[in-house]
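These notes concern the structure reproduced below.
Quick caveat: nothing in here was measured; it's all calculated off a predicted structure. We count residues from 1, following the sequence as given.
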Amino acid sequence: MSDREPPRRRVPGPARPARPGGQRRPGPGARPARRPGTTRPGAPRSGGSRPLRLGSPRPRLRMVSLALTLVMAAFVVRLLQVQAVDASAYAAKAEQNRYVGRTLAATRGGITDRNGVELATSVDAYDITADPTMFTRAATKVSDAPEQAAALLAPILDQSPDTVARKLRTKNTRYTLLAHRRTPQVWKQIKDLKTTLAAKAETDKSAVNFLAGVLAVPASKRVYPNGDLAAGILGWVNADGKGGGGVEQQLNKELSGKDGKLRYAQSGGRQVPTVGSTETPAVAGSDVELTIDRDIQWAAQNAITEQVKKSGADRGYVIVQDTRTGEVLAMADSPGFDPNDLSQASAAALGNAALQDAYEPGSTAKVMSMAAVLEENVATPGTHVVVPNRLHRGDRLFQDDVDHATWNLTLNGVLAKSSNIGTILAAGQLGKTQQAANKVLYSYLRKFGIGGYTGLDFPGETRGILAPADKWSTSQQYTIPFGQGVSINAMQAASVYSTIANGGVRVEPTLVRGTKGPDGRFAPVAQPKKTRVVSAKTAKTLAQMLESVVDDEEGTGAKARIPGYRVAGKTGTANRVDPATGKYHGYTSSFAGFAPADKPRITVYCAIQNATKGSYFGGQICGPIYKQVMEFALKTLQIPPTGAGAANLPVSFTP
């Protein structure tokens with residue numbers, strides 16, 4: 001068979017109309033007729049260049065199609081990676097960027113006195129912050145936006161314009177703290193200014209709201225309504241909102257409470273209200289009730305402040321204690337500080353000097369030597385003690401604070417006239433040898449609380465210095481009985497006299513009565529530890545002997561007398577160790593006692609360091625403070641006099 005197709009049969013059809021001019025339409029496959037004067041396409045024109053031929057579009061279409069295919073393939077691959085391979089990771093990032101968290105600060109608990117009077121409380125405040133990225137040239141279209149904003153904010157924040165501008169120029173962050181814990185009034189001033197600038201920017205397109213990036217975070221501010229009253233007890237709160245001293249530091253955990261958390265969706269820096277949020281509410285801190293009485297604290301603080309100024313002294317302290325419970329009714333020191341404004345406080349005044357200062361007590365410590373002598377039955381109040389003008393012991397020659405001829409005193413008279421020599425002679429009877437006597441005296445000092453912490457667990461408290469008896473130097477064997485060579489703090493000294501007033505039982509002092517939680521329930525502190533130091537008989541005898549110090553004409557504490565009341569007390573004037581040099585310089589003046597002497601309720605202790613004007617004797621400058629504070633406390637607590645007569649124990653004897 002032939003590979004050629006069979007000839008097609010021509011099918012007759014209608015006759016085609018003739019072309020004008022008698023020409024016929026060319027049939028299929030026929031070449032078009034050339035017009036006269038034209039040449040065939042592709043043939044060189046006579047006298048000209050070859051004609052342009054259009055390229056085929058198919059290659060270009062194939063290239064575009066290939067490029068689009070590759071782009072779509074890349075999109076598909078990326079889409080598979082985002083939605084399938086790395087879906088969980090991207091979802092987590094989206095969740096993190098979409099949802100933000102904020103700490104809900106817990107309200108700090110308040111501190112009150114024993115009667116519920118506020119001593120420390122918290123009020124609403126704001127931390128003024130800013131977003132530095134909103135003060136850049138790109139955001140504001142001006143180069144000095146931080147300076148212009150600082151000029152507006154500085155007077156309100158009480159800062160220099162340079163300081164504020166420097167904070168606003170902080171790089172690589174969207175947060176900077178401009179001011180800490182400012183009052184709502186300060187934030188209102190800034191908000192009003194922001195509103196004014198925003199309104200101006202709406203009407204004037206060339207105006208700039210330089211404060212648009214200034215924000216506020218709710219916080220709280222610690223306030224002490226009574227200024228410097230009881231500042232040494234209360235302490236203060238630092239910039240981080242934590243206790244920096246005193247009870248604020250000691251009970252920071254109870255006062256702070258527990259912060260909460262808020263997590264919410266945000267867009268453009270604002271919370272999205274239609275999307276749910278999760279919140280863990282903050283738990284407010286507990287309120288703390290102290291044992292002190294605000295009015296007695298004021299009386300004590302006022303008295304010691306005036307005397308420190310009058311005497312040109314370095315400092316002074318007064319402690320008032322309930323003899324039966326050990327509760328501290330007042331603990332005042334001067335100079336003090338105002339916890340509302342620590343910028344004005346000196347470093348030396350911060351803290352609580354009544355618990356943090358260690359010093360040699362002097363003659364107020366003689367009561368412990370007398371307690372040991374009476375308890376060990378080596379003498380009685382009427383025992384005769386011949387006191388020479390000088391006494392040679394060890395490598396030293398001892399004398400009393402006044403030059404005198406030989407005194408014929410009773411043991412009671414030794415205490416009343418505060419004789420150092422008489423005390424050395426009496427304490428020497430505590431053992432067959434001086435070393436044995438030292439050990440007996442040391443045991444009583446320890447039972448009275450000397451050389452140990454008071455039990456208050458107060459920040460910075462010192463336990464003083466009391467070396468073991470076998471470590472006492474030659475001079476300490478004879479000076480410690482009259483209060484030199486041993487160091488204590490003021491609370492320890494007050495506790496000694498409260499122990500005698502309480503029938504010989506030492507009750508650990510307390511400053512806190514209890515706490516009240518957010519639920520309103522009051523939780524009292526544990527009962528203080530009690531220790532029998534001397535017998536009730538010895539304590540009663542000591543109280544009568546201490547009356548002679550105040551009531552007897554030969555006593556050194558006449559300025560502490562209170563009309564109508566029986567008063568027991570003891571003066572003290574000790575050589576003072578200068579903390580700066582470690583050498584003796586100046587004096588520690590003191591007075592300690594309780595009232596009523598025959599039915600004790602209140603102990604008052606006063607000490608003044610390094611008086612430089614007027615007298616430095618304890619009976620002269622601390623006796624009046626004792627009287628002033630004791631009278632106020634007795635009236636405040638409505639403690640009447642007993643009406644019983646004084647014991648009037650003999651002071652001297654006739655040989």
Under the side-chain contact (heavy atoms from CB on, under 4.5 Å) test, residues paired with [X] that sit two or more places apart:
{"X": "Ala199", "result": "none"}
{"X": "Thr196", "result": "none"}
{"X": "Ala130", "result": "Phe135, Leu168, Thr176, Leu178"}

Give a yes-or-no answer on whether the side chains of [X] and [Y] include a donor-acceptor pair shorter than 3.5 Å.
{"X": "Tyr317", "Y": "Asp357", "value": "yes"}
{"X": "Gln159", "Y": "Thr163", "value": "no"}
{"X": "Gln492", "Y": "Thr454", "value": "no"}
{"X": "Ser206", "Y": "Asp204", "value": "yes"}
{"X": "Arg108", "Y": "Ser220", "value": "no"}
{"X": "Asp240", "Y": "Asn238", "value": "no"}
{"X": "Thr133", "Y": "Thr136", "value": "no"}
{"X": "Gln609", "Y": "Thr588", "value": "yes"}
{"X": "Thr129", "Y": "Asp127", "value": "no"}

Nearest 0.5 angstrom please: [X] [atom1] to [Y] [atom2], how far?
{"X": "Ile304", "Y": "Asp333", "atom1": "CD1", "atom2": "CG", "value": "9.0 Å"}
{"X": "Tyr605", "Y": "Ile319", "atom1": "OH", "atom2": "CD1", "value": "8.0 Å"}
{"X": "Leu229", "Y": "Asn302", "atom1": "CG", "atom2": "CG", "value": "10.5 Å"}
{"X": "Lys242", "Y": "Lys253", "atom1": "NZ", "atom2": "NZ", "value": "13.0 Å"}
{"X": "Asp287", "Y": "Phe522", "atom1": "CG", "atom2": "CZ", "value": "10.5 Å"}

Show every donor-acceptor pair shorter than 3.5 Å between a side-chain atom in residues 144-154 and any protein atom, with sequence neighbours excluded, or say none if there are none.
unit_1	atom_1	unit_2	atom_2	d
Asp144	OD1	Gln148	NE2	3.0
Asp144	OD2	Gln148	NE2	3.3
Glu147	OE1	Arg169	NH2	2.7
Glu147	OE2	Arg169	NE	3.0
Glu147	OE2	Arg169	NH2	3.1

**Asked** Do the side chain of Thr462 and the main chain of Gly464 share a donor and acceptor less than 3.5 angstrom apart?
**Response** yes

**Item:** Side-chain donor/acceptor of Thr203 to backbone N/O of Lys200, under 3.5 Å
**Value:** yes

Could you tell me whether [X] and [Y] have a side-chain N and a carboxylate O separated by less than 4.0 Å?
{"X": "Asp131", "Y": "Arg174", "answer": "yes"}
{"X": "Arg513", "Y": "Glu327", "answer": "yes"}
{"X": "Arg166", "Y": "Asp162", "answer": "no"}

Where [X] and [Y] come nearest, the two heavy atoms and their spacing:
{"X": "Leu456", "Y": "Met331", "value": "CD1-CE, 4.2 Å"}
{"X": "Arg315", "Y": "Ala348", "value": "NH2-O, 2.7 Å"}
{"X": "Gly517", "Y": "Ser286", "value": "CA-OG, 3.6 Å"}

Please list, one pair per line, the donor and acceptor atoms closer than 3.5 Å that link side chains of residues 209-216 to other protein atoms, with sequence neighbours excluded.
unit_1	atom_1	unit_2	atom_2	d
Asn209	OD1	Leu211	N	3.2

**Request:** Give every residue pair that meets the ring-ring contact (aromatic ring centres under 6.0 Å, His included) criterion with at least one member in residues 224-244, sequence neighbours excluded.
**Result:** Trp236-Phe337

